[in-house]
Amino acid sequence: TTIMAVPFKGGVVLGADSRVSTGTYVANRASDKIAQLTENIFCCRSGSAADTQALTDYVKFYLQQWEVESGRPATVKVAAHLMRKICYQNKDNLSAGVIVAGWDPVSKGQVYNIPLGGTCIEMKCAIGGSGSTYIYGLTDALYKENMGKQETLDFVKKSISHAMARDGSSGGIIRTCVVTEDGVEREYIPGNKLPYG
Ligand SMILES: C#CCCCC(=O)N[C@@H](Cc1ccccc1)C(=O)N[C@@H](CC(C)C)B(O)O
């Protein structure tokens, strides 16, 4: 898996490949690794498909209850810290690396990376999954402050496509999700349109 999320002025872009593998076998070539937690908060999944499905189901339910009881929408920070608590407390039994990202009126676009150990780190450019190891240099080189929506979307797509070209556990299509004050835009594009070599 290759997953990524980058905040920009006015929102956040999330991206993921779509390959589910068991060894070298591709169990699903078109999976959706970007799970919705609330209306404006999403989560990119990597690691065990089963563990991350269960994890996101729990967090989605807890946040729904939290919003009912508190009478207000959850912020990205609340969602990320709930996810981190569950990941950390169950770290011996989970294989889950997630990126929680979204938009809220308080802090606007935000991204929290929660890697395998269960630590939670707010980041301006978060990458994860097996494919991310191939694009640390690329993302360090291409990242800029104050990118707009289209520039951020292109940066995410290009980065994930390079990881998909080199990581055997990443492939399929590139799914993206843009969350802004005005709503959510999801799209997917072919993952193999990059020149090899
Ligand atoms: C189908 C089936 C059985 C397991 C599928 C399954 O979890 N595959 C995993 C790899 C893995 C992980 C831990 C144990 C075994 C196999 C997988 O493809 N993970 C991707 C993300 C998830 C959310 C789809 B990615 O990290 O590569």
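When a residue number appears, it is its place in the shown sequence, counting from 1.
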Answer yes or no: are there more than 12 heavy-atom neighbours, outside [X] itself, under 6.0 Å from its atom [atom1]?
X: E39; atom1: CD; result: no
X: Y136; atom1: OH; result: yes
X: K60; atom1: NZ; result: no
X: F61; atom1: CZ; result: no

> Would you say M4 and L138 are hydrophobically clustered, going by side-chain heavy atoms of ILVMFWY under 4.5 Å?
Replying inline: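 Looking at the clustering, L138 is in the same group as M4.
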
What is the distance from atom [atom1] of [X] to atom [atom2] of [Y], rounded to the nearest 0.5 Å?
X: Y58; Y: L63; atom1: OH; atom2: CG; result: 14.5 Å
X: N28; Y: S18; atom1: CG; atom2: OG; result: 7.0 Å
X: I174; Y: D17; atom1: CD1; atom2: CG; result: 8.5 Å
X: R175; Y: R186; atom1: CZ; atom2: CZ; result: 7.5 Å

I'd like to know if the side chain of [X] reaches the main chain of [Y], judged simply by a donor and an acceptor atom lying under 3.5 Å from each other, with no hydrogens or angles considered.
X: S95; Y: G47; answer: no
X: S48; Y: A50; answer: yes
X: T52; Y: R45; answer: no
X: N113; Y: I121; answer: no
X: K157; Y: I189; answer: no
X: R19; Y: G168; answer: yes
X: E67; Y: A74; answer: yes
X: D104; Y: V76; answer: yes
X: T75; Y: V78; answer: yes
X: D167; Y: A163; answer: no

> Between K144 and E151, is the closest basic N to carboxylate O distance under 4.0 Å?
Replying inline: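 The answer is yes: the pair qualifies as a salt bridge.
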
> When you check the gap from the basic side-chain N to the acidic O, do K9 and E145 get nearer than 4.0 Å?
Replying inline: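 Salt bridge absent between K9 and E145.
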
> Does a donor on one side chain and an acceptor on the other come within less than 3.5 Å for T152 and D154?
Replying inline: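 Looking only at side-chain atoms, D154 and T152 do not form any donor-acceptor pair under 3.5 Å.
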
>> Side chains of K193 and S161: any donor to acceptor distance under 3.5 Å?
In response: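 K193 and S161 do not have a side-chain donor-acceptor pair below 3.5 Å.
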
> Once the angle between the rings of Y112 and H81 is folded into 0 to 90°, is it parallel (under 30°), tilted (30 to 60°) or perpendicular (over 60°)?
Replying inline: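 Because their plane-to-plane angle is over 60°, the rings of Y112 and H81 count as perpendicular.
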
